[in-house]
Amino acid sequence: MSLMEGMCKIFFVLIIVLPLIAKQVSATQHVVGGSQGWEESVDLNSWASAQTFKVGDQLVFKYSSGLHSVVELGSETAYKNCDLGTSLDSKNTGNDVVKLNKVGTRYFACGTLGHCDQGMKMKITTVAGNAPSTPASDSDTSAAAFFPRSFPTFLLFSPLLILYFLL
């Protein structure tokens, strides 16, 4: 094999195969509240409604430890009434990560007395990992744009790897 053939193989792998792998395994980390974080002054439900949460994504709660906390509530009733006594989980490190591992609605509130009642709470809906978030733009001409997220990656890579080693 010549040096040129070897470089072509490397180019092929880097340009075609790696972006497809990255797209398949990518999950999004959503910093709750954006740049302001998990704070009383943020309209958390407006922030959440502008996001698409998918199975496999993560919520990252950033806040001043000791001033706030994160409590996951078990029902919409508990969420609406700020009933923190029925919490499913509580975190207070100031940099908490919650994994979104199933489809459905989840409810979060600040555990500091009075903060939930003042609006420091949000609900999110997690959709299946292969649900579309935004349509591919017309300018997206990468190979990854032609395969849905749910496409079985091994079906794509097996023939490519065989060709790679045969050339």
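- Linking Ile, Leu, Val, Met, Phe, Trp and Tyr residues whenever their side-chain heavy atoms come within less than 4.5 Å places M120 and V32 in a single cluster.
- L84 and V70 sit in two unconnected hydrophobic clusters of ILVMFWY residues. Membership requires side-chain heavy atoms under 4.5 Å apart, directly or through other members.
- Atom OG1 of T93 is separated from atom NZ of K62 by 10.5 Å, given to the nearest 0.5 angstrom.
- Heavy-atom minimum distance, G37 versus V42: O-CG2, 3.6 Å.
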As a quick check of understanding, evaluate disulfide bond (SG atoms under 2.5 Å apart) for C110 and C116, giving each step before the final call. CA-CA 6 Å; C110 180; C116 180; over 6 Å; no
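- When hydrophobic clusters are built by joining Ile, Leu, Val, Met, Phe, Trp and Tyr residues whose side-chain heavy atoms come closer than 4.5 Å, directly or via intermediates, M122 is grouped together with L100.
- The closest side-chain donor-acceptor pair between Y63 and D96 falls under 3.5 angstrom.
- Classification of the F61-W38 ring pair by plane angle, with boundaries at 30° and 60°, yields perpendicular.
- Using modelled atom types, one side-chain atom of S69 and one backbone atom of G111 make a donor-acceptor pair closer than 3.5 Å.
- Proximity of a side-chain donor or acceptor of D83 to a complementary backbone N or O of G85 within less than 3.5 Å is detected.
- Without hydrogens or angle criteria, T112 side chain to L67 main chain gives a donor-acceptor distance under 3.5 Å.
- To the nearest 0.5 Å, atoms NZ (K99) and CG (L59) are separated by 12.5 Å.
- Checking side-chain atoms of K123 against main-chain N and O of T105 turns up no donor-acceptor pair under 3.5 Å.
- The aromatic rings of H30 and W47 sit perpendicular to each other, their planes meeting at more than 60°, with 30° as the lower class boundary.
- Under a hydrophobic-cluster definition in which Ile, Leu, Val, Met, Phe, Trp and Tyr are linked whenever side-chain heavy atoms come within less than 4.5 Å, directly or via other members, I124 and V71 are assigned to different clusters.
- Panel note: side chain D57, backbone F53; no donor-acceptor pair is recorded below 3.5 Å.
- To the nearest 0.5 Å, atoms CD (E72) and OG (S87) are separated by 9.0 Å.
- Taking all atoms of both residues into account, the shortest heavy-atom contact from K91 to V97 is CE-O, 3.8 Å.
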